[in-house]
Amino acid sequence: MAFLDHVAILQVAVPLLAAPLCVMLPGRHLPWALTLAVSWFTLVCSIVLLAEVSAGGSIAYHLGNWPPPIGIEYRVDAINALVLLVVSGISAVALPYARRSVEHEIEPDRHGLFYTAYLLCLTGLLGVTITGDAFNIFVFLEISSLSTYVLVAAGARLDRRALSAAYTYLVLGTVGATFFVLGVGLLYMVTGTLNIADLAERLPPLAESRVVQAAFAFVVAGMGLKLAMFPLHTWLPNAYAYAPSLVTVFLAATATKVSVYVLLRFVYTVFGHEFAFIEPVLAWLVLPLAVIAMLAGSVVAIHQDNLKRMFAWSSIAQIGYMMLGLALASASGLTATVLHLFNHALMKGALFMALGGVMLRIGAVSLASVRGLASEMPWTFAALVIGGLSLIGVPGTVGFVSKWYLILAAIEKGWWLLALLIVAASLLAVIYVWKLVEAAYLQPAPQDRERVRDMPPDMLIPLWVLALANIWFGIDAGLTTSVAGTVVNAFLGGGS
Amino acid sequence: MPEAITEHYNYWLVIFLLMAGLFVTITSGNLVKKIVGLNVFQTAVFLFYISLAKLEGGTAPILTGEPERFSNPLPHVLILTAIVVGVATTALGLALVVRIRETYGSIEEAGLQEADRQDELRAAAEQGR
Amino acid sequence: MRHHLVLRVVSKLLIPFMLLFALYVQFHGDFGPGGGFQAGVIFAAAFILYALVFGIDHAREVLPEHVLRYLVPAGLALYTLTGFAGIALGGKYLDYDVLGSTPTAGQHLGILLVEFGVGVTVSAVMVSVFFTFAGRTRDVDEEDW
Amino acid sequence: MIELVQDIVSGTLLLAGAAFVLIGTLGLLRLPDFYARLHGAGITDTLGAELMLIGMMVQAGFSLVTVKLLLISLFVFFTSPTATHALANAARVTGLRPALVPEDDIETMRTRDD
Amino acid sequence: MWTAAAIALLVAMVMALTRAFLGPSLFDRVLAINSFGTKILLLIGVLGFLTERPEFMDIALLYALVNFIGTIAVLKFFRYRNLGLSSPAAARPENRK
Amino acid sequence: MAPDMVTVIDLVLLALLCAAAVALILVRQLFAVAILAGAFSMLSAGLLVTLDAVDVAFTEAAVGAGVSTVLLLGTLALTQRRSEESRRRGTGPALLAVVLTGGALVYATTDMPGFGDPEAPGFRHVVPEYIVGSETDIGVPNIVTSVLASYRGYDTLGEVAVIFTAGIGVLLLLGRRREDEIQDEARRSGSGDEG
């Protein structure tokens, strides 16, 4: 069997096969090793896929050999190849890091189950990203969501609030998914198809239909819940704050990105942003909400004491940036969204990894508890600072690139105020990152805390891989912008 | 107008059901009841799908040899999948409720929020030392 | 439920029929309503009834947890592997045509395997979920009642 | 001819069953307390249901459907009374008091049984 | 004929559901729901004949077999406040685990 | 005559479902909630039969009668029976969200194909191929089975994965632990609570 012919399906089917195997594995190390191997395998797959589609073409894979509208099809183009790369890449980097962190945070006899849930989450996210079928998105979204609830709840060993966070997430996530299904059902009702490409072909004549309008509303609301779009974000801060470190790293870097991707896919491929009713929705609803998210998320983040929560709120603000780019519906705006999707994964991955290390060493991640810690864990905090700078958008980091495009998009439209607001939100980020830096570098360590060592190398290396990626892709943005360019062309050029 | 009623009565009742389910999910203060509300909400969506699959004068999509008009089998398949997802969510949600009851001693949302707030305060106090 | 003679007798009578019915649903799904999922649930329901009437410890003896631990993933693994079999035999993932000598025979075999996988995982999950819920006791707080 | 007889017989059975179901459920709704309502439910579950099922069997003639109906009626015949019995038992053990029986009589019932 | 039977069943279902809602005791609710299950079973049977697809009897058969479980679970729940144990003695803390 | 009766049954069952849903809003006792959920499931199974979705009805019946109620009761046994039903918080925004949802759907109904309309796109596109293909390609009389297991077999694979996830999740959350683990946790939470 030719590997290349089947990469698209192997990408999802291999982790899916690994999940049941993982439950049967005894001990703590074997499940981890299997998960690690599978993650790297998916990374290889997504690199192959990205290489194949980066020329601008797309790969289709017909499951069960049924032609598309009849069967389910996998379709990979530049945007989902990029998201696949983000998901599998973060997973591949996070897993070497995971071993110690999970050993510290999860009961020893639950590791097999924990890694199984993790594999299922990975499968779900990859499956959502790669599929070309609207209902299949729902199924895999639920695989990833259910496993996410479990993974978040696994943090209850250290803090019981993980349970209530997981519960809230479960209720809101299920409402979101059900809205999404309802939207897909409405679309099916008027088109008779579930295939995304087929939908895109059959929808334009129906643009006036109220059913299509309602379908759009439900898809946006459903995905809005899943991606924590302001004001549907209430589940996110606690879920990220009390989940085990590995889970926070993985989720913060990937889960919301996949939902953003689905929204992009629906707004730009399925509906097409030229639909008469979509433009006002983007301009008058999504855009203001995105701006509020940007500012409010940052302001709330400033007032947080728990660092994981601080960065969780900052995630809400960052999702605001992505939604802003989406709502601007211009070439530079979309470029910014696509870039930020990639870049935010890098920064949040690095930041939460560093915090996971702090958690491992001192068992808490509050501002007060990290006082003076930078001298004891220099490498960890150096990476943390790089991530923070990237979050602010300092030139030379990835954060700068995406914000640059965003501001460009605002100026192109002549909306100077919006550009100013983007800058203002970045300045707010300076405040909370500074609070962290001040505590870690400038304040003395509390007397009663024992001195700790820096993170072990197997955790530091993944952290620094991400931190350096933040700088690398900030200086040489060629690869990401070229992919983003292809995406934007596909969305805005051929989207009619 | 009567035309519109006879054509869509089914959908309207389903919509009412959906609203009732969503209302219970959002407003109920009890965690178990919230899950039941979620179930009602999902069932309404399932019924919506099945309603759109119904064909006037059609029968269940099982071939019997004679040519017949069948209701649309595709939504049936989708909803089979969705029901399974619903059951899975319910089971997981209830398991979470049990754990919450064991750790918090309450299954009321208000009690939970109160406990979370207490946790927060205690954590803050601990840091302030 | 030691004193419920009637209940025990009727349950003993009923359970074999439920299991039979589950098998019927599992393999008759091609012709009538039903299939792997429904069969799995009915099978699990029979087990749940057994556990309810005769106590969960007895039920655990019939279907020990370490067996369940393998049954839960086995069905899913069977399903995925059926998919891979399609690739191995030169088709696409989940392509049943290549499984048999003729496409229709392949389809039949594929559907049979897949439905069986669904049935196994569903029944094992349902039973183990019930065991987990029912096997967990808590101190009975009188004021809650 | 046979069909006519079939129709008449099954129709009669069905309607009789339906009448019993109605009466029984009316009892379930209107009777004063749980123990009295048990009787109403009993009529529905056994007499009403069985008659209706037999009516259906007559209608179906000799086929797989009849076999299934026969099984259904068998199961209903066994499970419904069992469930009702178990329920009544549980109610009594839990101490649910009949509305129409004086307090003293219940006490004597208790002491005699336990 | 089928129509009359169906109407009778629907009316009976309304009454049973009312009882289930009104209670007052929990046993009333369980009783009502148990008999409600029987009515649904009969209705599905009648529907099969009404639409001339009597092979849907499988669903009725399923209800005949499975409906019982809910009631037993309720009962067990009441007597022992637990679904798993076989006797109340086992619920005492010292006998657990 | 006969189809009309089916319509009547359909309407009555739907009305009963709505009544049950309203009852669910009103009822405070958790046990009654569980019972109503059972009734709800049975009603929807009956409704699904009238809508020709026998496979779905079968599933709903099996799940509702066999598993859901038992699970719900199991949860109540482990938690508590009576809902204290705290003061309803934020009914205003909730009502707004619910009305918006309902409003969007009612708005959409005005452009929907009629109920049972054979001209609806669902019957014109893709599905005819399933109906023919089920006989010629697959040879399975139950079209739902052939779509479920073959045409859209991949969705079903996802479905099994979902149920598997739930099983794993429940085990991870509630699974029995070895004795030393429980003690370990007790020590941990004990020190955490006093701090």
Side-chain angles (χ1 to χ4, degrees), chain A residues 13 16 19-20 23 63-64 66 69-72 107-110 113-114 116-117 120-121 123-124 127 131 133 135-136 139-140 142-143 146-147 149-151 153-154 156-160 163 179 182 186 188-195 198 202 208-215 217-218 221, chain F residues 93 97 100-101 103-113 117 120-130 133 137-138 147 149-178 180-182 184-185 188-189 192-193:
Chain A
L16 190 52
V23 192
L63 287 151
W66 299 111
I70 295 180
I72 294 170
E107 294 93 335
D109 59 337
R110 300 283 171 94
L113 292 173
F114 181 83
T116 309
L120 286 164
C121 188
T123 311
T131 187
D133 187 279
F135 195 80
N136 201 238
V139 175
F140 277 80
E142 281 305 271
I143 298 179
L146 283 179
S147 45
Y149 311 145
V150 176
L151 289 171
R157 194 188 183 207
L158 297 180
D159 194 320
R160 64 178 185 176
L163 290 175
F179 272 155
L182 196 54
L186 289 166
Y188 177 77
M189 184 178 220
V190 291
T191 59
T193 184
L194 291 166
N195 185 283
D198 202 19
R202 294 174 153 260
E208 296 298 310
S209 166
R210 293 174 171 182
V211 182
V212 177
Q213 297 172 12
F218 282 113
Chain F
L100 271 180
T101 311
L105 280 170
V106 171
Y107 172 77
T109 48
T110 51
D111 269 357
M112 280 181 192
D117 181 4
F123 296 105
R124 310 246 125 199
H125 191 48
V126 181
V127 165
E129 298 178 49
Y130 287 146
D137 297 348
I138 298 179
V147 178
S150 186
Y151 291 114
R152 293 186 71 88
Y154 192 63
D155 265 352
T156 311
L157 175 58
E159 166 199 316
V160 183
V162 167
I163 209 85
F164 176 71
T165 313
I168 294 300
V170 172
L171 283 178
L172 194 61
L173 283 169
L174 295 181
R176 294 207 295 187
R177 267 174 274 159
R178 288 199 308 268
D180 51 359
E181 286 305 315
I182 293 166
D184 177 48
E185 182 156 271
R188 219 172 247 280
S189 62
D193 282 351

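To find a chain, count down the sequence lines: A is the first, B the second, and so on, and within it residues start at 1.
Between the CG atom in Leu173(F) and the CG atom in Leu163(A) there is a gap of 7.5 Å [rounded to 0.5 Å].
When side chains are defined from C-beta on, Met112(F) counts as touching Leu186(A), because their heavy atoms get closer than 4.5 Å. Put simply, the side chain of Asp137(F) reaches to within 4.5 Å of the side chain of Trp66(A), judged on heavy atoms. In this structure, the side chains of Ile168(F) and Val150(A) stay at 4.5 Å or more apart for every pair of heavy atoms. By the 4.5 Å heavy-atom criterion applied to side chains, Thr156(F) and Val139(A) are not counted as neighbours. Counting only heavy atoms from C-beta outward, the side chains of Leu105(F) and Leu182(A) approach each other to under 4.5 Å. Counting heavy atoms from C-beta on, the side chains of Asp133(A) and Tyr154(F) never come closer than 4.5 Å.
Interface remark: Tyr130(F) contributes side-chain atoms only to the contact with chain A (heavy atom separation under 4.5 Å). With a 4.5 angstrom heavy-atom cutoff, Val170(F) does not touch chain A via any of its atoms. Arg124(F) does not touch chain A: none of its heavy atoms, backbone or side chain, sits under 4.5 Å away. Thr165(F) touches chain A through backbone and side chain together, each having a heavy atom under 4.5 Å away. Both the backbone and the side chain of Ser150(F) come within contact range of chain A, each with at least one heavy atom under 4.5 Å from a heavy atom of that chain. In this structure, chain A has a heavy atom under 4.5 Å from the backbone of Glu159(F), while its side chain stays farther away. If you measure heavy-atom distances from Ala19(A) to chain F, the contacts under 4.5 Å come from both the backbone and the side chain.
Arg152(F) and Ile70(A) make their closest contact through CG-O, 4.4 Å (heavy atoms, listed as atom of the first residue, atom of the second, distance).
Taking chain F as the reference chain and counting heavy-atom pairs below 4.5 Å, the highest number among Pro20(A), Ala117(A), Gly127(A) is found for Pro20(A). With respect to chain A, the highest number of heavy-atom pairs below 4.5 Å among Val127(F), Thr101(F), Val147(F) belongs to Thr101(F). For chain F, the option among Gln213(A), Glu142(A), Met189(A) with the highest count of heavy-atom pairs below 4.5 Å is Met189(A). Interface check for chain F: of the options Thr123(A), Thr193(A), Val212(A), the most heavy-atom pairs under 4.5 Å are formed by Thr193(A).
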